[in-house]
Amino acid sequence: AMEQTFIMIKPDGVQRGLIGEVIGRFEKKGFYLKAMKLVNVEKSFAEKHYADLSSKPFFGGLVEYIVSGPVVAMVWEGKQVVSTGRKIVGATNPLAAEPGTIRGDFAVDIGRNVIHGSDSVENARKEIALWFPEGIAEWRSNQH
Ligand code: CMP
């Protein structure tokens, strides 16, 4: 079914010049970019995005990392884009991520893993609402 997912290029991905690489992979797969912005988020906002992880020992470091520089927040749309997007992104630990995935190709550190992708349709909906409260402009490709 047609779905939307939230994809974020983290500060290390932006600083390393991987924005085009990430966008290219999702575009070439056949997904549609529905919204995108480069933003510096506040600590309180990063804590909201990662609220489910607030009890983890790495939570403080994770929040520091996300606020350390600009991130690229995006909404991608397409067939099964949530689960397929996760495949394109690769496993959370880049050392476990398969070559050919973004994390498998571009990262070695779980705390610097380049990109975030929603893990379920429900979390995608929540994350899109959090990051794009202004809403998303409609456009339709003639192929979809
Ligand atoms: P992400 O897909 O954004 O979802 C949660 C993030 O927490 C994950 O990517 C990593 O950046 C981070 N994370 C998960 N496990 C660890 C860990 N053991 N140490 C540091 N960061 C982690």
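Indexing begins at 1, ligand by ligand and atom by atom, following the structure's order.
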May I ask you to identify the nearest protein heavy atom to [atom], giving residue, atom name and distance to one decimal place in Å?
{"atom": "atom 17 (C) of ligand 1", "answer": "F58 CD2, 3.4 Å"}
{"atom": "atom 2 (O) of ligand 1", "answer": "R103 NH2, 3.0 Å"}
{"atom": "atom 4 (O) of ligand 1", "answer": "Y50 CE2, 3.8 Å"}

Practice problem: May I ask you to decide if V81's main-chain N or O and T84's side chain share a donor-acceptor pair within less than 3.5 Å? | Solution: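 It does not hold such a pair.
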Quiz item: Quick one: do E134 and K37 make a salt bridge, cutoff under 4.0 Å?
Solution: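 Looking at K37 together with E134, the answer is yes, because their closest N to O distance falls below 4.0 Å.
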Quiz item: Considering only heavy atoms, does I110 approach ligand 1 within less than 4.0 Å through its side chain, its backbone, both, or neither?
Solution: both
Practice problem: Closest by any non-hydrogen atom to atom 5 (C) of ligand 1: pick that one out of D52, T92, L53. | Solution: L53
Practice problem: From the options H49, R112, K10, K56, select the one whose nearest heavy atom is closest to atom 1 (P) of ligand 1. | Solution: K10
Exercise. Give a yes or no on this: more than 12 heavy atoms of other residues, nucleotides or ligands lie within 6.0 Å of atom CD of Q80.
Key: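 Atom CD in Q80 is not packed in, count stays at 12 or less.
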Quiz item: In this structure, are over 12 heavy atoms from other groups packed under 6.0 Å from E42 atom CD?
Solution: no
Quiz item: Distance from F6 atom CZ to F132 atom CZ, nearest 0.5 Å?
Solution: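 Here the rounded value is 6.0 Å.
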